[in-house]
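Heads up, the thing below is written out as structure tokens.
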Amino acid sequence: MEHVAQHSDPHYDQEASKLGMWLFIFTELLLFGGLFIVYAIYRFLNPEAFQMAGHELNITIGAINTIILLVSSMTIAMSTSALQKKNKGLTVLLLEITIMLALIFLINKYFEWGVKFDHGIWPGSEHLLNDMGHGEVLFFGLYFVMTGLHALHIVIGMIIIIVALNKVQKGTVHADRPSLLENAGLYWHLVDLIWIFLFPLFYLIH
Amino acid sequence: MYILSNTTNASNFVAGVDKSFVIIMGISFVFLIGLTFTMLYFVYKYNKNKNPVATQIKGSTKLEIIWTVIPTILVLVMFYYGWAGWAPMRKAPDDSFNIKVVARMWNFTFEYENGKKTDTLFVPMNKAVKLNLHSLDVIHSLYIPSFRVKEDVVPGSEKMIWFIAQREGLYDLFCTEYCGLNHSYMINTVKVMPDQQFQAWYVDTTKRVEVALDSPTENGKRIMKNIGCFACHSLDGSKLVGPSFKGIYGAQHTVITGKDERVVTVDDEYIKRSIYDPNADVVKGFNKGLMLPYQGQLTDDDIAQITEYLKTLK
Amino acid sequence: MENEKHHIVPYKVYIYILVALIAMTFMSIGITKINLGEYSVLGAMIFATLKSILVLSWFMHLKFDQPFLRIMVGFVALLFFAVIFITFLDYYFR
Amino acid sequence: MQTATQLEHEVNYLDYKGKYKGIFAWIFSTDHKRIALLYMYSMLTMFVVGVALGLAMKLELIAPGKTIMDPQTYNAVFTVHGVIMIFMIVIPGLPAVFGNFMLPIMIGAKDVAFPKINLLSWYFYVAGALLVISSVLFGNGTPDTGWTFYAPYSFKSGTNLLPAIFGAFVLGFSSILTGLNFIVTIHRMRAPGMTWFKMPLFPWSLYGTAWIQLLATPVIGITLVLVALERIFNIGVFDPALGGDPILYQHLFWIYSHPAVYVMILPAMGAISEIIPTFSQKHIFGYRAIIVSTLAIAFVGYFVWGHHMFTSGMSGTAQYTFSILTFIVAIPSAIKVFNWISTMHKGSINPEAPFLWAVTFIFVFMIGGFSGLVLGALATNVHVHDTAFVVAHFHFIVFGGVGFAFFGAIHYWFPKMFGRMYDKVWAKVGWAFFTVGFLTLYSPMFYLGMMGMPRRYYDYLPEFHAGNILSTLGSWVMTFGLLIIVINLFRSAKNGAIASINPWNSKTLEWTVPSPPPLENFDEIPVYGEKDGPYEY
Ligand code: HEA
Ligand code: HEA
Ligand code: CUA
Ligand SMILES: [Cu+2]
């Protein structure tokens, strides 16, 4: 079946920590999954309102953010290869780029939300509750919750990457013990994966 | 077993529902008793004193298949009867007699097509009756055990219950979805009358005003009792869901209007606003959204009488 | 640690994947611009699914990992879609 | 197979002294056995509260009208009772206590895969529990929504819901981390030679459970977050006044909470599957069938949540789909019952306390399960939904199932955990009182429910009086039994006779290490040969 050999070093089992990370990713997927169910149902119940509201979002910013995340996903993936090739300098550089990209993503998000707020749109705002239909209220409610939760994950991801970066620099994460970096990468890809679905669902419904 | 002698066949659904009860519980009892006795028998027969050495048996594919297939068939039978007893509940005949049910914390009101409103559900016998369910606040559920019907009353959606009452008499009606403080007092009665008697009652719209009492204070009290204010407001100063009415008239109350706090004197105007638009001024220490606007349910006249009554509560 | 998990993906491969991902992003924007009615959702979702398969298999290394991880991922996806499907049995037929 | 008797000179986990002293040696310990006991004691504390609330409810219901409390208090009491019992006792219950303690030993490992995360999940447990309790102690009123937090009442209620909701969320985290840990442990740390199909059934049931914990808990997490956001910001998702659908809340809630009932029962079934072969001195009947049924329950259990919503106005299609799926999940449970009973056939039965608990487990589980079938059928559900019948069903199956299995498990593993044996006679006396009390307490509720008495009723009509009196009397008898059991166990943990390594002559690995086990369980990891297996008597 599978390898059952116990490790000589009981505190380090690369496969185990990878499996653990994957399992954690599954829970994250279902966490967002719950929101996707809510989204699917309300979209089904209010198709026109969702389309109308979707027009309020700026595709260009959305697309830019998508590309930023995709690129950052690639850089962090490359950093594991770099680590395995024992190229510490490159690993660090790639991780730094990833963090920068994440930051840019957040800044974009900040401005994007800011514009919405200027238009009087935020969860429970007067404008939303009084002047808009039920479908729009739901759309923006979900928009803020889902992108907000996603942004929270970006922040968490950044923290993990920073920790990994530190350990790479210190040399505690290296080609033979890459788990932390690999897991940071997996987590970051998860964040990307979710965005891959959020983007069309909110920005691209016309 | 499940035959409640005095309510048998109180409605057209009783037979179907009780049949599935009998079938499911019958099969269950056979298994429960059979398996329990087998188990006890084994415990007795193969006690270590009687049978010091166990015979190792690891399993039997044949048995596994048997005891997968047989229960599968049995549960499908159960499913079938459950489905059969339930399916007719889904669609009311087109010529049903319609009654609108309005549920709120914590009473049901029944509104008939000719404008009659009651807090007891009057229905004709041997005639399809359809209850259209509306909720003003949270989810309630209308349940008439003797008729074997139940459906949640969900705010913002249209649901219904239908039945044909087949026996004259009084039956209990409960709210079975937890809805807050007085959930357990959300109980009403169903009165099933022979058709003629029902018609006589139905066309008699004079009963609507009921005995108008001479004094407005008494009238005010009666209105409040009927519409259920005392579920939330006490007369003795104790705090229920809403503030007590004791000494309310003329008192100074701190209220929250929008975001601002201010002090108001309770007068006619304020009472009226509190009833028509309770969320405009929310009394400090109480929650917004619990009391619902009574606009449309109480007239200015009713409110004047309520106010008269409130004045007497010193 | 004897199995082939030391597989190192060349940088080039990652770049190809990125290019494909970005291309698909633009394609999905394009497809929603031309009016396909209700199919545009479908189109966008198909692209999103393809993109996520790329991310899962290369960026997340599933392609090079032990098969049971792939099975697990597939199982989770299946479970999730089954749940959505069943929820829709209510809303679609209401 | 190697045994580990040579380890006897090693310090056992109870006496072990590490870096820290006193209580810190416990709350900073990452030893799975200590964490298990931490869980057990914290659960016991919460359990006392939950039981007291249960008894208070029964006392209130002894007569119509006000007996000891007013309606608001009653509503708060059943809410807190439900939240404590479900989220803090039966969901973590067996996995966190016996899973933590026994799983690594049973599969021949020194600890779980991530000992620190294991400790962290206990911290989460405590934090969640404290949050829930804080909602009782502070703020403007104890939550009164029922453990189901149904929208829209959960936005309207003026009580202190946010801490309770947040507490349930944190408890969910604890549950997820435990599940994650167990899956990795089982995948990576089985003893050499212990293939999947040589693993004992208790770890197997934990494996199934862990997957449910992992894949269902996040859904309630996000649902509770949405309720909290709805209360704070009016985002509208479940508020009918803003276009939301309160029924969708129920879907999401039960998408978690139905699988959660299998989180409760699967480990219980696993424990029963260990006890029965041991006390029959016989190979378990249909080992693979039991494994397959565990996995089948775990899987199909995801798709039946709608049976809690038959009267909520779902579409007809959804209703009969859910009904039929509900009946399908009953089959694997049936398979287990048949296999357990067949295991007793031609065994050599030693009716000690754990075995008595196991047999009564099967009995009350059957009653609970059969009443589940009544609830699963559409016509009958319409009549008994949200009545005392449902209350009877779930007390029979949750507490009859999980509670009895818990008591069976503690009497079974007690000598291993504490190295001492309890008084066997008192154990049986306690069992007898408990069982009689249990049946008197909950059986009348089936009858009341069929007569139409709704649940969550503070007050009831006089026609329901007789049944309620009987039920309250039962609650006292049962509590008496409980006291006997608990006192017996507590006294024996200190003063009982020293227990041998394998008092029940069982064949699973935990009985090859000293009692109580030493810090790292095994000096040398055991190796399973061709012929070895957990049930080779
Ligand atoms: C441990 C927890 C647990 C378990 C295992 C179960 C198991 C089952 N439950 Fe239960 N249930 C709850 C906990 C549990 N339940 C709780 C807590 C609630 C209430 C929640 C609330 O509203 O607060 C609830 C409510 C509930 C409802 C909703 C009631 C309502 O509100 O209207 C329904 C409806 O279908 C149901 C059905 C079932 C069924 C069919 C099973 C089946 O899995 C049972 C299978 C077992 C058997 C069938 C017995 C053994 C079999 C044999 C001996 C062989 C012979 C068998 C055949 C011939 C079929 N349950
Ligand atoms: C595990 C679950 C569990 C347990 C053990 C209990 C125990 C008890 N319950 Fe109940 N109960 C619920 C879960 C549970 N309950 C739930 C979910 C609800 C619904 C709430 C709602 O409507 O929102 C409910 C509701 C409920 C009601 C209905 C309220 C209403 O609808 O009006 C009543 C009425 O009397 C009641 C009574 C009792 C009594 C007297 C006890 C106890 O006093 C019995 C005493 C218990 C024992 C003597 C031992 C049991 C042992 C174990 C479980 C193992 C121990 C494990 C460890 C120590 C780790 N409970
Ligand atoms: Cu209305 Cu309960
Ligand atoms: Cu269920």
Side-chain angles (χ1 to χ4, degrees), chain A residues 1-8 10-42 44-46 49 122-126 128-129 132-146 148-149 152, chain D residues 107-111 113-115 117 173 176-177 179-181 183-185 187-197 210-211 213-223 225-226 229-230 232-245 247-249 251-252 255-256 520 525 528:
Chain A
M1 298 226 55
E2 205 193 305
H3 301 274
V4 288
Q6 290 238 322
H7 275 271
S8 43
H11 300 294
Y12 188 71
D13 176 354
Q14 194 181 348
E15 284 295 302
S17 54
K18 191 202 289 174
L19 178 58
M21 193 64 208
W22 269 105
L23 296 177
F24 188 69
I25 285 178
F26 294 157
T27 70
E28 292 277 16
L29 284 175
L30 275 130
L31 188 82
F32 277 95
L35 287 171
F36 280 114
I37 295 175
V38 177
Y39 176 92
I41 299 292
Y42 286 142
F44 173 73
L45 294 178
N46 312 285
W122 64 82
S125 72
E126 306 266 303
L128 204 54
L129 295 188
M132 293 209 182
H134 285 159
E136 277 91 351
V137 173
L138 291 173
F139 179 89
F140 284 111
L142 285 171
Y143 166 77
F144 282 111
V145 174
M146 291 175 89
L149 191 66
L152 182 70
Chain D
I107 63 171
K110 294 191 170 180
D111 206 321
F114 309 115
I117 293 186
F173 241 93
I176 290 176
L177 292 180
L180 190 155
N181 226 330
I183 295 183
V184 179
T185 309
H187 268 270
R188 296 297 304 167
M189 298 172 73
R190 273 170 291 127
M194 183 185 276
T195 56
W196 281 98
F197 288 112
W211 274 105
Q213 287 175 308
L214 212 59
L215 297 182
T217 319
V219 178
I220 196 164
I222 195 67
T223 311
V225 168
L226 286 174
L229 291 175
E230 181 75 65
I232 303 170
F233 294 118
N234 285 331
I235 50 173
V237 278
F238 301 131
D239 188 350
L242 296 179
D245 181 8
I247 305 299
L248 184 57
Y249 171 83
H251 276 296
L252 291 170
I255 286 175
Y256 165 71
E520 292 214 308
I525 298 299
Y528 253 33

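Proteins get letters first, then strands, A, B, ... in listed order; numbering begins at 1 in each.
Here CE of A:Met21 is found 9.5 Å from CG of D:Leu180. Values are rounded to the nearest 0.5 Å. Summarising the geometry, atom CG belonging to D:Asp239 is positioned 9.5 Å from atom CG belonging to A:Leu138; distances are rounded to the nearest 0.5 Å. Distance CG/D:Leu248 to CG/A:Leu45: 8.5 Å, rounded to 0.5 Å. Separating the CZ atom in A:Phe24 from the CD1 atom in D:Ile117 is a distance of 9.0 Å, to the nearest 0.5 Å. Between atom CH2 of residue A:Trp22 and atom CD1 of residue D:Ile183 there is a gap of 14.5 Å, rounded to the nearest 0.5 Å. To the nearest 0.5 Å, atom CG of residue A:Leu23 and atom CG of residue D:Leu177 are 11.0 Å apart.
Smallest separation of non-hydrogen atoms from D:Ile255 and A:Ile37: CD1-CD1, 4.2 Å.
Using a 4.5 Å cut-off between heavy atoms, A:Val145 touches chain D through its side chain atoms alone. Contacts between A:Leu19 and chain D at a heavy-atom distance below 4.5 Å involve backbone atoms as well as side-chain atoms. In this structure, chain A has a heavy atom under 4.5 Å from the side chain of D:Leu252, while its backbone stays farther away. Contacts between A:Leu142 and chain D at a heavy-atom distance below 4.5 Å involve the side chain alone, from C-beta outward. Within the 4.5 angstrom heavy-atom criterion, only side-chain atoms of D:Phe114, from C-beta onward, approach chain A. The contact between D:Ile176 and chain A is made entirely by side chain atoms (from C-beta outward), counting heavy-atom distances below 4.5 Å. D:Leu229 touches chain A through its side chain: at least one heavy atom from C-beta onward sits under 4.5 Å away, while N, CA, C and O do not.
Checking side-chain atoms of A:Tyr42 against main-chain N and O of D:Val237 turns up a donor-acceptor pair under 3.5 Å. With hydrogens and angles ignored, the 3.5 Å screen pairs a side-chain donor or acceptor of A:His134 with a backbone N or O of D:Ala241.
Among D:Asp245, D:Ile232, D:Leu214, D:Ile235, the residue with the largest count of heavy-atom pairs under 4.5 Å with chain A is D:Leu214. Interface remark: of the candidates A:Ala16, A:Gly34, A:Gly141, A:Ala16 forms the most heavy-atom pairs closer than 4.5 Å to chain D.
Counting heavy atoms from C-beta outward, D:Leu226 and A:Leu35 have side chains that approach closer than 4.5 Å. Proximity of D:Val219 to A:Leu31: side-chain heavy atoms (C-beta onward) are nowhere separated by under 4.5 Å.
Shown here is D:Phe173, whose CZ atom has no more than 12 heavy atoms of other residues, nucleotides or ligands within 6.0 Å.
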*Yes or no on side chain to side chain contact (heavy atoms under 4.5 Å, CB included) for D:Leu215 and A:Phe26, after CA distance, side-chain angles and deciding distance?*
CA-CA 7 Å; D:Leu215 297 182; A:Phe26 294 157; 3.8 Å; yes
